[in-house]
Amino acid sequence: MIRAEGPITVEHFMALCNEHFYASRDPLGAAGDFTTAPEISQMFGEIVGAALADCWLRAGAPADAVYVELGPGRGTLAADALRALATAGLQPSVHFIETSPVLRAEQAKRVPDAHWHRTLDGLPAAPALFVANEFFDALPIRQWVGDEERRVAIVNNALSFTLHGPIREDSPARASAAAAIAGHLSTHGGVALIIDYGHARSADGDTLQAVRGHAFGDVLADPGEQDLTAHVDFEALAKAAAIGGVSVAPLVTQGEWLERLGIQVRATGLVDAHPERSPEIAAAAGRLTASDAMGDLFKVLAVHAADWPRPAGLE
Ligand code: SAH
């Protein structure tokens with residue numbers, strides 16, 4: 001395409017690469033390319049489910065509430081969260097926003113009754129419990145040098161970025177996904193938990209990265225064979241979500257949030273039930289919460305309808 005039509009934007013490049021990457025494999029887990037929080041421990045999805053259950057109960061336990069997850073990976077988080085929701089008395093209909101056929105098949109193994117969608121357009125007109133873990137980082141970003149948009153070109157038979165200088169990033173794809181969630185919350189009620197890696201305040205810099213086999217790679221190497229992500233700008237995401245009267249809670253780090261919601265209590269409970277797994281459970285809790293692991297880099301953004309309560313652990 002670049003040879004025939006000329007350089008394409010970073011946004012277009014990232015979208016095409018990731019579409020191929022996710023459509024052609026299950027990249028999650030030790031044998032794959034990267035590991036996410038729900039794949040580290042069931043505690044993560046259970047706490048997400050418990051936070052949603054608490055919020056749903058305080059909202060008056062509307063019986064028609066649905067569970068909606070964006071980019072559910074293997075469906076592990078959903079399976080763990082749905083167990084926690086069932087304990088609270090909710091067995092919601094489940095809606096997955098997922099484009100990858102390979103990952104849809106994985107999700108169906110763990111949540112067979114789910115309904116699949118490519119976008120948020122077809123969701124039922126009902127209050128929704130939204131979850132997005134490491135979804136926004138995979139949506140394409142644009143890069144700018146001054147007023148000029150950065151592109152990927154071919155120079156001497158190799159892919160190469162155009163424009164050099166201080167880089168600024170933005171992401172219409174992320175803003176429109178956040179606005180779609182907020183629009184649903186505003187019209188039908190509900191709450192959203194958005195968890196990802198990124199920064200609390202907008203800042204300049206090039207954060208585009210490639211990961212394959214648990215190691216960083218050259219962003220332009222082997223297009224479509226590596227996971228391309230960029231830091232989530234939570235300030236921009238919060239702005240995009242603050243529409244239609246919905247409320248955005250103060251941002252909190254993943255480590256702080258999991259501690260406030262009792263991850264250590266849950267870890268103790270799991271160790272009591274499986275004493276032989278004690279070292280593994282302690283290591284998982286550490287990986288999810290420690291500041292030199294996922295605890296500080298990952299953050300939790302909650303958005304809720306004006307007449308829904310704020311989820312616990314966010315103030
Ligand atoms: N939430 C999971 C997986 C994160 S990987 C976990 O925490 O383990 C990113 C997920 O988003 C994958 O399921 C991928 O297929 C999906 N995805 C990426 N881009 C997407 C898009 N544009 N639309 C829908 N899903 C997308």
Side-chain angles (χ1 to χ4, degrees), residues 11-49 52 67-82 94-111 114-123 129-141 171-181 192-198 208-212 214 224 226-232 254 258 284 287-288 294 297-301:
E11 180 185 43
H12 195 179
F13 179 78
M14 190 175 171
L16 291 174
C17 287
N18 276 350
E19 191 179 320
H20 177 78
F21 177 77
Y22 286 108
S24 55
R25 77 208 71 201
D26 168 9
L28 290 148
D33 295 294
F34 57 91
T35 301
T36 56
E39 301 298 333
I40 291 173
S41 169
Q42 69 188 79
M43 294 185 281
F44 184 80
E46 288 170 349
I47 288 174
V48 168
L52 295 174
Y67 176 91
V68 183
E69 189 172 333
L70 297 91
R74 287 183 173 164
T76 307
L77 194 171
D80 293 335
L82 289 166
V94 175
H95 298 266
F96 286 157
I97 314 298
E98 176 62 70
T99 42
S100 160
V102 177
L103 288 171
R104 282 185 179 202
E106 283 300 314
Q107 293 153 21
K109 290 181 193 165
R110 293 169 188 84
V111 189
H115 305 272
W116 282 268
H117 310 259
R118 289 187 65 86
T119 69
L120 294 179
D121 294 340
L123 292 180
L129 310 173
F130 285 100
V131 177
N133 185 64
E134 292 212 47
F135 169 74
F136 281 89
D137 66 18
L139 296 185
I141 56 154
S171 175
R174 291 175 182 173
S176 78
I181 292 172
L193 291 174
I194 297 170
I195 306 164
D196 225 309
Y197 84 100
L208 186 57
Q209 64 180 40
V211 166
R212 170 163 48 175
H214 301 270
Q226 320 180 85
D227 185 37
L228 296 187
T229 64
H231 280 233
V232 171
Q254 173 175 302
L258 292 173
R287 220 171 137 188
L288 293 172
M294 297 177 80
L297 180 59
F298 282 74
K299 303 186 173 66
V300 182
L301 183 73

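Values in this document were obtained by computation on a predicted structure and should not be read as measured data. Every heavy atom of this structure was used, including side-chain atoms; hydrogens, water molecules and symmetry mates were not. Along the sequence shown, the residues carry numbers beginning at 1. As the structure lists them, so they are numbered: ligands from 1, and atoms in each ligand from 1.
Close approach of ligand 1 to Leu28 (heavy-atom distance below 4.0 Å) involves ligand atoms 8 (O). Each of the atoms 6 (C), 7 (O), 8 (O) of ligand 1 lies under 4.0 Å from some heavy atom of Pro38. Atoms of ligand 1 found under 4.0 Å from any heavy atom of Leu139 (numbered from 1 in listed order, with element): 22 (N).
In terms of polar-atom proximity, Gly71 is counted as a contact of ligand 1, with an N or O under 3.5 Å from an N or O of the ligand. At a 3.5 angstrom cut-off on N or O pairs, Gly73 counts as close to ligand 1. The N/O atoms of Glu98, backbone and side chain alike, include one that comes under 3.5 Å of an N/O atom in ligand 1. The shortest N or O to N or O distance between Glu39 and ligand 1 is not under 3.5 Å. For ligand 1, the polar-atom distance check finds an N/O of Thr36 within less than 3.5 Å of one of the ligand's N/O atoms.
No side-chain donor-acceptor contact under 3.5 Å links Asp80 to the backbone of Glu46. The backbone N or O of Ala284 sits nowhere less than 3.5 Å from a side-chain atom of Ser41 that would complete a donor-acceptor pair. Using a distance-only test at 3.5 Å, with no hydrogens or angles considered, a donor-acceptor pair links the side chain of Asn18 to the main chain of Ala138. Not a single donor-acceptor pair under 3.5 Å links the side chain of Asp33 to the backbone N or O of Gln226. Although no hydrogens or angles enter the test, the distance criterion places no donor-acceptor pair under 3.5 Å between the side chain of Arg74 and the main chain of Leu103.
With respect to atom 7 (O) of ligand 1, the closest heavy atom belonging to the protein is Asn133 ND2, 2.8 Å. At the shortest separation from atom 4 (C) of ligand 1 among protein heavy atoms lies Glu134 O, 3.4 Å.
Under the 4.0 angstrom criterion for non-hydrogen atoms, Leu77 is not in contact with ligand 1.
For atom 21 (C) of ligand 1, the nearest non-hydrogen atom from the set Thr119, Asp227, Thr99 belongs to Thr99.
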message: For Glu134 and Thr36: C-alpha separation, side-chain torsions, deciding distance, then whether side-chain hydrogen bond (donor to acceptor under 3.5 Å, both in side chains) applies.
response: CA-CA 8 Å; Glu134 292 212 47; Thr36 56; 5.3 Å; no
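Heavy-atom contacts from other residues, nucleotides or ligands closer than 6.0 Å to CZ of Arg287 number 12 or fewer.
Separation of the His214 and Phe34 ring centroids does not fall under the 6.0 Å cut-off.
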